[in-house]
> 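So that we are looking at the same thing, I have put the structure below in C-alpha cells.
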Amino acid sequence: MKRISIFIMVLACTFASAQTIDDVLRYSTENMLGTARFQAMGGAFGALGGDFSALNVNPAGSAVFNFSEIGITGSNYNRNNDALFGNSTSNNKDNSLELNQIGGVFVFKSNNSPWKKIALAFNYDMVQNFDNEFYARGNTQVGIDNYFLNFAQGQELGPLRVQQGEYIEEAYLDIGANMGYAAQQAFLGFQAGIIEPTADDDANTSYFSNAEYGSVNQQYLQNTSGYNSKFTLNFAGQYQENLYIGANLNFHNILYDRITYLDEDGYDQASPIQFTSFDNLLHTEGYGFSFGLGAIAKLNESIRVGGSYQSPTWYTLTDDTSQRINSSLAVSDIDFINFNIVNLYDEYRIKTPEKFTGSFAMVFGQDGLISFDYSYQDMSKAELRPTSDPSFSSENAFIANALGAVNSYRVGGEYRIEEVSLRAGYRFESSPYENGDLVGDLTGFSAGIGYNFGGSRLDLAFSRTEQDVNSYFFDAGIDNAALVNQINTNISLGYSVKF
C-alpha cells in the first residue's frame, strides 16, 4: 500500500472527546472588557446606562442615551503568569492588541407619548480574549507514563497493534473513531514504547511502564488563542420621566485554540526510556444565543436602581484534536502521527447558567456619580449536552457537586471637572468552585480619564485583575498541575461621537 501524502487526514470520531468542567467554565466567563469608560469604572453600570457595554449588564441602558451615538474601543492586553510547579516558579508574559468593541445607538424622542424615548442599539464586545501563555518547569513523582497506563489498563492488546497493510496514522484514526479516546491514548503510549503489555497476547489487558524513576523533570508550555465575542441587538424605551425598560438578543461566537508541549527526562540511568515528548492541539469553534431583560428606575434626581436578567447561553460547539509523541523507544514511523492528522468529534452543546444583577447608583448632578452592581450566577446549573451521553451525564453530576454560586461585586465612580472626567473602579468575583483552592477569587481595580469635546468623547482606561488558578496539564489521566498566578492588565482607548 502506498502512503498517501495529504495535508490533513481526518476521520470523524463517534465517541465523545474529553469535554469537561473546564470547557464549561471557559465559555461561561465574561471578563468585563468593553468600552474604556465601562472598564475604568469596574463595569458598575447596571443602574446608569448610557454606555454601549452597559447593555451587557442591563439592556435598559440604551434608553438613557440622549442622542444617537457611535463608539469604538481598542485594547492592549498584557498577561503576566507566574507558574509554580514542583519547587520551581516560571514567569511568562504575553501581549496582544485587539479592536474589542464597536457599537451604535439610535435615539427617537417623542413629546406626545408617555414613551419619551425609544432606543435601538447594536454592540459588538469581545467578552473574553483567550490569547495567553504560561510555562511551567519542575520535578514531579508522577510521570507521563501514568497518563497512558490510566487509559491502557483494561484495553485489549490486539487493537493497539498496527495491523497488516495498515499505516500507523490510519490505525491511530481508526482506533479513535471506533474504540474511543481512551483506546487511542493507550495506542499512543504503546507505539511510543512508554508502556508494555504484561503478556504478548492479543487478549492481554494489563500493562506496565518502561519508565523507571523516583522523580522526573517536566517542562510544560501551554499557549491559547481566540476569543468569545457577543453581538447584541437591543431595544429599550423611557416611560414617563423615571422608568427605562429594555431587552437584548445576544449572538455569541467562539474560536479557541490550545496547544500544549510536554517534555520529560531525568529518568534513572538504567531506565529503558530516557526522554519523552507529548504535544496536543485542540481547536474549538461554535456559536451561541442568549437574551436579556432589564429595567432602571430613577427614584429621585440623585438615586437610581436597576435590575436585570441574563438568560442561559446555549452554545453549539465542535472540537478537533491532533497529537504527536516521541520517546527513546518509539517505533520508527511514530512521526507520521502529527498535527496534520486530525480527529473530528461530534457536535456538542453547553448551557451556561442564568445571571441576575441588582444595581444602585447616586448621581450628583453634573459633578459625578457612584455606582454599585451585584450579580449572582449559580454555576452548578451548567450542563454539557446532550445529557443522554453517558460521559456528559457523569461530568454534569461532577459539575453540580464541584461548582457553586458566583457572587460578583462591582463599584465605580466618576468625578467631573468641567470637560474632564476622572474615573475609578473595583471588582470582586468569587471562585466558581465550592473549593476555592482550585480556582481562587478574582479581584481587580481600574482607573481612567475622559475628555468631552461636546459632540464627541475620548476615553482612556487602565484595568488590572488577579487570580490564582490550578492549570492542569491534561483534562484526564493524571492530575499534574501548575498553580498559576494570573495578572491581566488592559489599557484601552475609546472614541465616541454623537449625531
> Return yes if a side-chain donor-acceptor contact under 3.5 Å exists between Y315 and D23, otherwise no.
no
> Is it true that the side chains of Y309 and E354 contain a donor and an acceptor less than 3.5 Å apart?
yes
> With no hydrogens and no angle check, just 3.5 Å: does a side-chain donor-acceptor pair link E196 and N210?
yes
> Can you name the residues that form a salt bridge (charged side-chain N to carboxylate O under 4.0 Å, His left out) with D437, not counting sequence neighbours?
none
> Indicate whether the side chain of N343 and that of D320 have a donor and an acceptor atom separated by less than 3.5 Å.
no
> Mark yes or no for whether R410, through its side chain, and G43, through its backbone, hold a donor-acceptor pair below 3.5 Å.
yes
> Side chains of T260 and D279 only: does a donor on one sit below 3.5 Å from an acceptor on the other?
no
> Classify the side-chain pair N488/N490 by whether it contains a donor and acceptor separated by less than 3.5 Å.
no
> Using the six-membered ring wherever Trp is involved, compare the ring planes of F151 and Y147 and label them parallel, tilted or perpendicular (cut-offs 30° and 60°).
perpendicular
> Given the side-chain rings of Y124 and F231, with only the six-membered ring counted for Trp, is the space between their centroids under 6.0 Å?
no
> Is the distance from the ring center of F473 to that of Y220 below 6.0 Å?
yes
> Within the 3.5 Å criterion, strictly below it, is a donor on Q218 or E264 matched to an acceptor on the partner's side chain?
yes
> Does any donor atom in the side chain of D82 or T89 lie under 3.5 Å from an acceptor atom in the other side chain?
no
> Determine whether the side chains of Y348 and D319 contain a donor N or O and an acceptor N or O closer than 3.5 Å.
yes
> Does any donor atom in the side chain of E285 or Y256 lie under 3.5 Å from an acceptor atom in the other side chain?
no
> Check Y172 against Q184 and note the closest heavy-atom contact, atom names and distance.
O-NE2, 3.0 Å
> Under a 3.5 Å threshold, yes or no: a donor from one side chain and an acceptor from the other, between T489 and N78?
no
> Do S375 and T357 pair up side chain to side chain, a donor and an acceptor below 3.5 Å, judged on atom types alone?
yes
> With under 30° as parallel and over 60° as perpendicular, where do the rings of F278 and F474 fit, or are they tilted in between?
parallel
> State, to 0.1 Å, how close T387 and S393 come at their nearest heavy-atom pair, and which atoms those are.
O-CB, 3.7 Å
> Identify the heavy atoms of P312 and T352 that sit nearest to each other, and give their distance.
CB-O, 3.0 Å
> Report all side-chain donor-acceptor pairs from residues 247-255 shorter than 3.5 Å, counting only partners two or more places apart or in another chain.
unit_1 : atom_1 : unit_2 : atom_2 : d
N248   : OD1    : N234   : ND2    : 2.7
N248   : ND2    : L55    : O      : 2.8
N250   : OD1    : T232   : OG1    : 2.9
N250   : ND2    : S290   : OG     : 3.2
H252   : NE2    : S290   : OG     : 2.8
N253   : ND2    : Y227   : OH     : 3.4

> Check the pair R161, D200 against salt bridge (Lys or Arg N to Asp or Glu O under 4.0 Å), reporting the backbone distance first and the verdict last.
CA-CA 11 Å; R161 303 183 192 271; D200 190 18; 2.6 Å; yes
> Which atoms form the tightest heavy-atom contact between L384 and I350, and what is the distance?
CD2-CG1, 3.7 Å
> Centroid-to-centroid, Y374 to Y409, below 6.0 Å?
yes
> I'd like to know if the side chain of E466 pairs up with that of N485 as donor and acceptor (distance under 3.5 Å, no hydrogens or angles considered).
yes
> Specify the closest pair of heavy atoms between G34 and Q101, including all atoms of both residues, with the distance to one decimal.
C-CB, 4.2 Å
